[in-house]
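Here the structure is laid out as structure tokens; the discussion comes afterwards.
Whatever order the structure lists ligands and atoms in, that order sets their numbers, starting from 1. Hydrogens, waters and symmetry mates are skipped; everything else that's a heavy atom, side chains included, is used.
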Amino acid sequence: MLKFDDYLRQIGCEEELSAVLKSIVDSIKEISKSIKTSDTGKAGSLNVFGEQQLALDIFSNKIIENHLKNNPLVGIIASEELPDEIRLGDGAYGVCFDPLDGSSLVDVNLAVGSIFGIYKTKSFIGIKGDDMLAAVVAVYGPRTTFVITVRKGVQEFVLSDEGDFILSKEDIKVSEGKMFAPGNLRACKYRQDYFNLVVSWCKDEYTLRYSGGMVPDINQIFIKGKGIFSYPGYEKEPNGKLRLLFECGPASLLMEEAGGAASDGKARILSKPVASIDARTPIFIGSKAEVKRCEDSLA
Ligand code: AHM
Ligand code: MG
């Protein structure tokens, strides 16, 4: 039974980065607890993307913000639920996060998650996923788990009854296999190429595993070790819906660390500079051959 702190020590993770990661993991614990009984209604406000904020989005954001504010190593944060990046102090680390991805799935009791990217930076503008030091994706489902990379492969931890995160899967690898999570199927009305791609997965007898939450949809690729998640754009929204900084970047670092790939259809997600904190990107992420198939089919 290896606890998270012991894992960090065992791999020789730098002390400061470890401290930032511990703040993040403490916030995951708190969200996991609060989510069970909290109000699932609307907060009455819109985020920078013009989307209705739920009370759940606001409180998850607050929990993470508070944990990071209490850590002097964190100098800047940016959240999907906040209009701008926020300067906290002189700390060298920057943490960007989607506090509760898929929050509208909580009332129907499907899994949701939090996504974190950790950098050494004074601003998120102009950075690339390639600059990221670590990424964490937490899943609140029947169990609370997270997958993490500090650029030494991908590991999964599970929250125990005692309140500790325990190593549950080591050196996660994503190879090939017939499982698909096709997002934004509305694009099929406007894009024959995407329609054809989805039909080809069906004809090849792929297993459909799509929950409507990017976090569980991608997490299953890590845990099953195979599959593809797609979220293309189309005329109405050429870059799709998902955010480069908050969602696609950290997920892509984890995927590449697991031996998979992540592309916007042409370029690696991790090679794309963040032009503005609200920038969106199409994404095709999972097994290498599947990502290539997306690139070839949608060229
Ligand atoms: P959110 O950050 O507001 O929760 O939105 C992101 C979520 C993703 O988890 C999911 O892949 C996507 O929205 C699905 O959106 P849609 O059902 O509108 O295609
Ligand atoms: Mg989100």
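Under the 4.5 Å side-chain heavy-atom criterion for Ile, Leu, Val, Met, Phe, Trp and Tyr, Leu197 and Phe195 are members of distinct hydrophobic clusters. In terms of hydrophobic clustering, with Ile, Leu, Val, Met, Phe, Trp and Tyr side chains grouped at heavy-atom distances under 4.5 Å, Leu82 and Val74 are assigned to a common cluster. Cluster membership for Ile77 and Ile64, using ILVMFWY side-chain heavy atoms within less than 4.5 angstrom, is shared. Taken together through direct or relayed side-chain contacts under 4.5 Å among Ile, Leu, Val, Met, Phe, Trp and Tyr, Ile86 and Ile58 form parts of separate hydrophobic clusters.
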For Gln10 and Asp6, what are the C-alpha separation, side-chain angles and deciding distance, and is it a side-chain hydrogen bond (donor to acceptor under 3.5 Å, both in side chains)? CA-CA 6 Å; Gln10 193 181 81; Asp6 298 330; over 6 Å; no
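Looking at Leu88, Thr121, Leu68, Leu133 one by one, the single match for side-chain contact (heavy atoms from CB on, under 4.5 Å) with Tyr93 turns out to be Leu133.
Interface atoms of ligand 1 facing Glu51, defined by a heavy-atom separation under 4.0 Å, are 3 (O). Atoms of ligand 1 lying under 4.0 Å from at least one heavy atom of Met214, given by number and element, are 8 (C), 9 (O), 10 (C), 11 (O). The ligand atoms of ligand 1 that sit less than 4.0 angstrom from a heavy atom of Arg243 are 1 (P), 2 (O), 3 (O), 5 (O), 6 (C). Within ligand 1, the atoms closer than 4.0 Å to a non-hydrogen atom of Gly213 are 9 (O), numbered from 1 in the order shown. Counting atoms of ligand 1 from 1 in the listed order, those under 4.0 Å from a heavy atom of Glu247 are 2 (O), 6 (C).
For atom 12 (C) of ligand 1, the closest heavy atom belonging to the protein is Lys241 NZ, 3.8 Å. The nearest heavy-atom contact from the protein to atom 18 (O) of ligand 1 is Arg186 NH2, 3.0 Å. The protein non-hydrogen atom at the shortest distance from atom 6 (C) of ligand 1 is Asp101 OD1, 3.2 Å. Annotation: atom 2 (O) of ligand 1 to nearest protein heavy atom, Glu80 OE2, 2.7 Å. Nearest to atom 4 (O) of ligand 1 among the protein's heavy atoms is Gly102 N, 2.6 Å.
Here the CZ-OG distance, from Phe229 to Ser211, works out to 8.5 Å after rounding to the nearest 0.5 Å. How far CG of Leu270 is from SG of Cys248: 10.5 Å, rounded to the nearest 0.5 Å. Atom NZ in Lys62 sits 14.0 Å away from atom OG in Ser34 (nearest 0.5 Å).
Of the polar atoms of Leu242, none of the N or O atoms is found under 3.5 Å from an N or O of ligand 1, judged by distance alone. The N/O atoms of Tyr210, backbone and side chain alike, include none that comes under 3.5 Å of an N/O atom in ligand 1. For Tyr231, a nitrogen or oxygen atom sits less than 3.5 Å from a nitrogen or oxygen atom of ligand 1, counting backbone and side chain alike.
Residue-level proximity to ligand 1 for Asp98 is carried by the side chain, the only part with a heavy atom below 4.0 angstrom. Contact annotation for Phe49 and ligand 1: no heavy atom of the residue comes within less than 4.0 Å of the ligand.
For the 3.5 Å distance criterion, the side chains of Arg293 and Ser200 qualify, holding a donor opposite an acceptor. Between Glu290 and Tyr206, the side chains place a donor N or O and an acceptor N or O closer than 3.5 Å (distance only, hydrogens not considered).
The 12-atom threshold is exceeded at NZ of Lys173, counting heavy atoms of other residues, nucleotides or ligands nearer than 6.0 Å.
Of the listed residues (Gly240, Ala181, Gly212, Pro216), the one carrying the non-hydrogen atom nearest atom 10 (C) of ligand 1 is Gly212.
Distances shorter than 4.0 angstrom occur between a heavy atom of Phe229 and an atom of ligand 1.
Considering only residues two or more places apart in sequence or on other chains, Phe165 meets the ring pair (Phe, Tyr, Trp, His ring centres under 6.0 Å) condition with Phe146.
Checked against the 6.0 Å centroid criterion, the rings of Tyr7 and Phe157 qualify as a close aromatic pair.
Residue-and-atom listing of protein N/O/S atoms under 2.8 Å from the Mg ion (ligand 2), sorted by chain and number: Asp98 OD2, Asp101 OD1, Glu247 OE2.
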